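Quick caveat: nothing in here was measured; it's all calculated off a predicted structure. Heavy atoms only: backbone and side chains are in, while hydrogens, waters and symmetry mates are out.
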Protein chains: 2
Amino acid sequence: MSKLNDNTLAYVADYFKALAEPTRLKMLNALQDGEKNVGQLTEVSGCSQANVSKHLSLLAQYGLVKRESRGTSVFYSIADPSVYKLCELVCDQVVNRLIQEADVKKLFMVG
Amino acid sequence: MSKLNDNTLAYVADYFKALAEPTRLKMLNALQDGEKNVGQLTEVSGCSQANVSKHLSLLAQYGLVKRESRGTSVFYSIADPSVYKLCELVCDQVVNRLIQEADVKKLFMVG
DNA sequence: TGACTATATAACTACATAGTAATATAGTGC
DNA sequence: GCACTATATTACTATGTAGTTATATAGTCA
C-alpha cells in the first residue's frame, strides 16, 4: 500500500464509500444467497423503489454488483464474492471492539 | 454476515466510512512504518493541522488508531494491523477493475 | 395500439462532513 | 508567573448524498 498515489487512494476511498452505507450493506447481504431483482431487494431493504434503484446503480458503478435484465425485471448479483471477506474482517473488528468496551464497562461496574 | 441486525450493520458501515476518505487512508498508510505525531502526519498528509486533528480523532473514535501523548506531542499508531488486509483486498479489487477497463478500452481501440 | 408492471431518473429537501480560520488547551522551560 | 510549542476545538462554509415524490422509460400481454 505504500506506493499508492493520490489517484489510487481516491479509488480505494470510493470503494470503501460504496460499502459505508447500512442500506447498501443490507442489499449486499441479501445477495449472498444468489441474484435478486429490484423488487425483491426493495422488499428486503425496506426502502422505496427509487432509493433502492439509486443504491444499486452506485454499487454497479463501483463494480460491486452485476446487472442483468430479463423480461421486465432487472436482476442484480455480486460481482466479486471477495467483498464478503471485507465484511467479515470488519465484523470481527467491530465485534472485538464491542467486547472490549463491554469488558471495560464491567470493570468499572465492579470497581 | 447473514445474521447481522440493523444496529451491527450501522457499526460496520461506520467502520467503512472511516476508511472512505483519501486523507485518512493516506494517514493510515503513513502509520504503516510505526507511530507518528500530529506534526508528522500533518506534513505527510499535506492538510492543515486542524483538519488532521479532526481526522485523527475520528479514526481513534472508530478504534482504528491508538493515541498516546508524550511531552507536548501526541503520537498515533495503528490499533489493529488487520486494517491493512482490508486495504489490500480493496486495492486488488480496484486494480483488477482498472485492468479490466483497460482491456475493454484496448478491445475497442483495436476493433 | 393501449393497459399494466418493473425499473430508472429528475428535482428537490435535509443532513452529514471535509476543509478553513481563529481560538482554546496543555505541556515545557525560562 | 510568562513565552513558546503542539494539539484540540469551535464556528463557519461548501459540497456530497440519502431519501422522497413525481415522472419517464421499457418490456409484456391483451
Side-chain angles (χ1 to χ4, degrees), chain A residues 6-7 9-31 34-77 79, chain B residues 6-7 9-31 34-77 79:
Chain A
D6 287 4
N7 209 11
L9 277 181
Y11 267 94
V12 173
D14 276 344
Y15 194 98
F16 280 125
K17 199 181 289 177
L19 295 171
E21 225 287 322
T23 304
R24 287 197 287 271
L25 289 179
K26 197 181 255 186
M27 297 198 298
L28 292 172
N29 196 17
L31 290 175
E35 64 171 21
K36 284 193 168 46
N37 64 28
V38 179
Q40 292 172 308
L41 289 168
T42 299
E43 205 173 340
V44 167
S45 67
C47 294
S48 70
Q49 179 269 317
N51 198 12
V52 168
S53 207
K54 263 184 23 177
H55 281 306
L56 285 170
S57 82
L58 189 148
L59 288 173
Q61 181 189 334
Y62 288 116
L64 288 159
V65 297
K66 282 179 295 189
R67 199 189 112 104
E68 187 191 340
S69 59
R70 288 205 299 276
T72 70
S73 289
V74 177
F75 287 85
Y76 284 89
S77 59
Chain B
D6 288 3
N7 209 10
L9 276 181
Y11 267 94
V12 173
D14 276 344
Y15 194 98
F16 279 125
K17 200 181 287 178
L19 295 171
E21 224 288 321
T23 305
R24 288 197 285 272
L25 289 179
K26 197 181 255 184
M27 297 197 299
L28 292 172
N29 196 16
L31 290 175
E35 63 170 21
K36 286 193 166 45
N37 64 27
V38 178
Q40 293 171 306
L41 289 169
T42 300
E43 205 172 340
V44 167
S45 68
C47 295
S48 70
Q49 179 269 318
N51 197 11
V52 168
S53 208
K54 265 186 20 176
H55 281 307
L56 285 170
S57 81
L58 189 147
L59 288 172
Q61 181 189 335
Y62 289 116
L64 287 158
V65 296
K66 283 180 294 190
R67 199 190 113 105
E68 187 191 338
S69 58
R70 289 206 299 277
T72 70
S73 290
V74 177
F75 287 85
Y76 284 88
S77 57

Integer-rounded Å distance: [N] [atom2] and [X] [atom1]:
| X | N | atom1 | atom2 | result |
| --- | --- | --- | --- | --- |
| B:Leu56 | D:dA6 | CG | P | 16 Å |
| B:Asn51 | D:dT10 | CG | P | 16 Å |
| B:Gln49 | C:dT20 | CD | P | 12 Å |
| B:Lys36 | D:dT7 | NZ | P | 14 Å |
| A:Asn37 | D:dG27 | CG | P | 16 Å |
| A:Asp14 | D:dG16 | CG | P | 12 Å |
| A:Leu19 | D:dA18 | CG | P | 12 Å |
| B:Leu59 | C:dA18 | CG | C1' | 13 Å |

For [X] and [N], is the shortest distance between a side-chain N/O and OP1 or OP2 below 4.0 Å?
| X | N | value |
| --- | --- | --- |
| B:Ser73 | C:dG27 | no |
| B:Ser48 | C:dA21 | no |
| B:His55 | C:dT17 | no |
| A:Tyr76 | C:dA8 | yes |

**Prompt:** Which of residues 60-71 of chain A have a heavy atom under 4.0 Å from DNA chain C?
**Reply:** A:Arg67
**Asked** Taking it one step at a time, do A:Gln40 and A:Asn37 satisfy side-chain contact (heavy atoms from CB on, under 4.5 Å)?
**Response** CA-CA 5 Å; A:Gln40 292 172 308; A:Asn37 64 28; 3.2 Å; yes
For [X] versus [Y], what's the shortest heavy-atom pair and its separation?
| X | Y | result |
| --- | --- | --- |
| A:Cys47 | A:Thr42 | O-CG2, 3.3 Å |
| A:Ala18 | A:Tyr62 | CB-CD1, 3.9 Å |
| B:Val65 | B:Ala60 | CG2-N, 3.5 Å |

**Request:** Tell me, with the steps shown, if B:Val44 and B:Met27 meet side-chain contact (heavy atoms from CB on, under 4.5 Å).
**Result:** CA-CA 7 Å; B:Val44 167; B:Met27 297 197 299; over 6 Å; no
**Item:** Nearest-neighbour nucleotide for the B:Ala50 side chain, D:dT9, D:dA8, C:dA18 considered
**Value:** D:dT9
**Item:** A:Ser53, nearest nucleotide to its side chain (from D:dT7, C:dA18, C:dT9)
**Value:** C:dT9
**Prompt:** For atom CD of B:Glu43, is the number of surrounding heavy atoms from other residues, nucleotides or ligands below 6.0 Å larger than 12?
**Reply:** no
**Message:** Closest-nucleotide mapping onto DNA chain D: is A:Thr72 or A:Thr23 further toward the 5' terminus? I mean the 5' end.
**Reply:** A:Thr23
**Request:** By nearest nucleotide on DNA chain D, pick out whichever of B:Val38 and B:Lys54 is the more 5' one.
**Result:** B:Val38
Kindly list each side-chain donor-acceptor pair under 3.5 angstrom involving residues 67-77 of chain B, sequence neighbours excluded, with atom names and distances?
from, atom 1, to, atom 2, distance (Å)
B:Glu68, OE2, B:Arg70, NH1, 3.3
B:Arg70, NH2, B:Glu35, OE2, 2.7

**Asked** Base, sugar-phosphate, or nothing for B:Ser57, non-hydrogen atoms under 4.0 angstrom?
**Response** nothing
